[in-house]
*Asks:* 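One structure follows; several queries about it will come next.
All residue numbers refer to positions in the sequence shown, counting from 1.
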Amino acid sequence: MLDLDAYLARIGLRGRPDFAELHRAHVTTIPFENLDPRRGIPVSLELPDLERKLVSGRRGGYCFEQNLLLKAALEGLGAEVDMYLARVRVGSPHGTARPRTHLILGVQADGTRWHADVGFGNGTLREPIPFGVGGEYEQAGWRHRVVEDGPELVLQSLDQSGQWVDLYGFIPEPVPLVDVVTSNWYTSTYPRSPFVTGLIVSVQRPDGARESLSDWSGGLSLTEETPTAATVTGVEPASVPELVATRFGLEAALV
């Protein structure tokens with residue numbers, strides 16, 4: 001079982017926080033990063049390995065690691081948690097079918113069914129939202145909503161031009177752990193996976209600002225965003241280790 005007190009200390013909490021507080025603290029404390037698959041190290045989803053890396057090792061991780069760690073914490077607090085696999089839509093033409101390489105959670109807590117996700121990098125939810133199609137949710141200035149598209153539920157975000165952008169879509173049918181393990185193996189080892197070929201490190205700040213270091217859009221750059229503005233600065237590869245350590249708090253990571 002997860003060492004719940006150690007996890008809570010890692011995200012700056014103690015005692016028995018409520019669900020929204022826990023979700024928000026996780027998102028604004030543990031960075032999103034793919035440093036292991038980028039250097040050829042497959043990602044383990046065994047709970048002791050997740051604790052060793054993200055908790056005691058003070059590293060970050062990507063969706064499978066982040067959300068499975070959150071799942072273990074929520075179950076330790078008495079919540080019921082289901083897993084769903086999603087297809088990432090952002091950055092691809094409408095109608096393009098990508099593999100199901102994103103993990104999200106459905107959580108029964110406080111008498112309500114919630115959509116939880118601490119693992120979508122800079123676009124992730126800061127707090128859980130009610131599960132399923134519903135209204136518009138504002139979180140530190142960022143706006144999200146869930147809409148239907150055929151059999152899928154689609155999480156959307158309002159961009160800086162005022163347009164709703166699809167982030168990911170998923171069929172609301174829980175999946176077993178073996179499916180998650182299979183998707184994780186593909187994501188962290190497939191030679192053309194962007195998590196193998198590229199770099200992404202990101203963090204959400206408590207005030208709502210976002211920062212990301214990535215080469216997924218072409219050149220290596222550092223992006224700083226608020227809900228209304230963005231600044232993109234080119235980065236030299238030689239400066240990556242220092243940026244990863246100083247801007248994202250990953251001093252222990254090798255890049």
Side-chain angles (χ1 to χ4, degrees), residues 7-8 10-14 16-33 54-55 60-74 77 79 81 83-84 86 88-90 102-110 112-147 153-160 162-170 200-214 223-230 247-250:
Y7 165 76
L8 291 175
R10 168 74 170 98
I11 62 174
L13 300 176
R14 60 183 178 179
R16 293 297 181 264
D18 66 36
F19 182 21
E21 182 182 15
L22 182 77
H23 194 290
R24 183 173 58 251
H26 185 126
V27 167
T28 56
T29 302
I30 302 180
F32 182 93
E33 49 111 328
L54 279 70
V55 179
Y62 64 1
C63 67
F64 299 105
E65 299 166 283
Q66 300 267 7
N67 281 322
L68 283 180
L69 183 63
L70 178 66
K71 177 178 182 288
L74 291 171
L77 291 168
V81 185
M83 299 178 293
Y84 303 86
V88 175
R89 293 187 173 201
V90 65
H102 183 60
L103 175 67
I104 68 169
L105 305 176
V107 183
Q108 188 69 32
D110 304 324
T112 301
R113 185 80 172 158
W114 299 96
H115 176 150
D117 184 4
V118 294
F120 199 65
N122 270 359
T124 205
L125 297 168
R126 294 175 66 87
E127 297 180 3
I129 61 175
F131 196 91
V133 176
E136 181 180 316
Y137 306 99
E138 180 178 346
Q139 301 177 348
W142 303 96
R143 297 177 182 272
H144 294 86
R145 69 180 184 184
V146 175
V147 299
L153 298 179
V154 179
L155 180 69
Q156 297 181 324
S157 177
L158 193 68
D159 69 13
Q160 292 169 352
Q163 300 296 311
W164 287 102
V165 176
D166 291 352
L167 299 183
Y168 55 75
F170 66 100
I200 177 71
V201 184
S202 65
V203 68
Q204 294 204 36
R205 305 299 183 190
D207 64 0
R210 299 171 171 176
E211 292 184 54
S212 63
L213 175 67
S214 177
T223 302
E224 301 169 85
E225 297 180 87
T226 70
T228 58
R247 298 293 289 265
F248 301 96
L250 295 171

*Asks:* Can you name the closest pair of heavy atoms from Cys63 and His102 and give their distance?
*Replies:* CB-ND1, 3.3 Å

*Asks:* Just wondering, do Met83 and Leu68 contact through their side chains at under 4.5 Å, heavy atoms?
*Replies:* yes

*Asks:* Which is it for Arg210 and Thr223 under the side-chain contact (heavy atoms from CB on, under 4.5 Å) test, yes or no, and what are the steps along the way?
*Replies:* CA-CA 8 Å; Arg210 299 171 171 176; Thr223 302; over 6 Å; no

*Asks:* Within the structure provided, determine whether Leu250 and Pro31 are in side-chain contact (heavy-atom separation under 4.5 Å).
*Replies:* yes

*Asks:* Once rounded to the nearest 0.5 Å, what's the spacing between atom CG of Leu155 and atom CH2 of Trp164?
*Replies:* 9.0 Å

*Asks:* Got a second to check how far Gln108's CD is from Phe131's CZ, nearest 0.5 Å?
*Replies:* 11.0 Å

*Asks:* Please say whether the positively charged group of Arg126, taken as NZ for Lys or CZ for Arg, lies over the ring of Trp142, i.e. under 6.0 angstrom from the six-membered ring centre and within 45 degrees of the axis.
*Replies:* no

*Asks:* Keeping Glu225 on the side-chain end and Ala230 on the backbone end, is there a donor-acceptor pair under 3.5 Å?
*Replies:* no

*Asks:* How far apart are the C-alpha atoms of Ile30 and Ile11, what are their side-chain angles, what is the distance that settles it, and do they pass the side-chain contact (heavy atoms from CB on, under 4.5 Å) test?
*Replies:* CA-CA 7 Å; Ile30 302 180; Ile11 62 174; 3.9 Å; yes

*Asks:* Give me the atom names and distance for the closest heavy-atom approach of Tyr168 to Val88.
*Replies:* CB-CA, 4.0 Å

*Asks:* Looking at every heavy atom in both Glu21 and Pro17, which two are closest together, and how far apart are they?
*Replies:* OE1-CB, 3.4 Å

*Asks:* How about His23 and Leu125: do any of their side-chain heavy atoms sit closer than 4.5 Å?
*Replies:* yes

*Asks:* When you check the gap from the basic side-chain N to the acidic O, do Glu224 and Arg247 get nearer than 4.0 Å?
*Replies:* yes

*Asks:* What's the shortest heavy-atom distance between Val203 and Arg205, and which atoms?
*Replies:* CG1-CZ, 3.4 Å

*Asks:* Are the side chains of Glu127 and Val27 in touch, meaning some heavy atoms are under 4.5 Å apart?
*Replies:* no

*Asks:* What heavy-atom pair brings Arg89 and Asp166 nearest, and what distance separates the two atoms?
*Replies:* NH1-OD2, 3.1 Å

*Asks:* To the nearest 0.5 Å, what is the distance between NE2 on His26 and CG on Asp117?
*Replies:* 10.0 Å

*Asks:* Say you draw a straight line from CD1 of Ile129 to OG1 of Thr112; how long is it, rounded to the nearest 0.5 Å?
*Replies:* 13.0 Å

*Asks:* Measure the shortest side-chain to side-chain distance between Phe120 and Gln66 over non-hydrogen atoms and say whether it is less than 4.5 angstrom.
*Replies:* no

*Asks:* Just to verify, what does Arg143 make a salt bridge (Lys or Arg N to Asp or Glu O under 4.0 Å) with, not counting sequence neighbours?
*Replies:* Glu136, Glu138

*Asks:* In Å, rounded to the nearest 0.5 Å, how long is the span from CG of Leu13 to CG of Asp18?
*Replies:* 9.5 Å

*Asks:* Consider only side-chain N and O atoms of Gln139 and His144, and report whether a donor and an acceptor are under 3.5 Å apart.
*Replies:* no

*Asks:* Answer whether the closest heavy-atom distance between the side chains of Phe32 and Ile200 falls below 4.5 Å.
*Replies:* yes

*Asks:* Would you say that Val133 contacts Leu153 through its side chain, given a criterion of any heavy-atom pair below 4.5 Å between the two side chains?
*Replies:* yes

*Asks:* Can the ring centres of Phe170 and His115 be said to be less than 6.0 Å apart?
*Replies:* yes

*Asks:* Determine whether Val118 and Leu69 make a side-chain contact, defined as any pair of heavy atoms from C-beta on separated by less than 4.5 Å.
*Replies:* no

*Asks:* Nearest 0.5 Å, please: how far is CG in Leu70 from CZ in Phe19?
*Replies:* 6.0 Å

*Asks:* Please report the shortest heavy-atom distance between Ser202 and Ser212, naming the atom on each side.
*Replies:* CB-CB, 3.7 Å

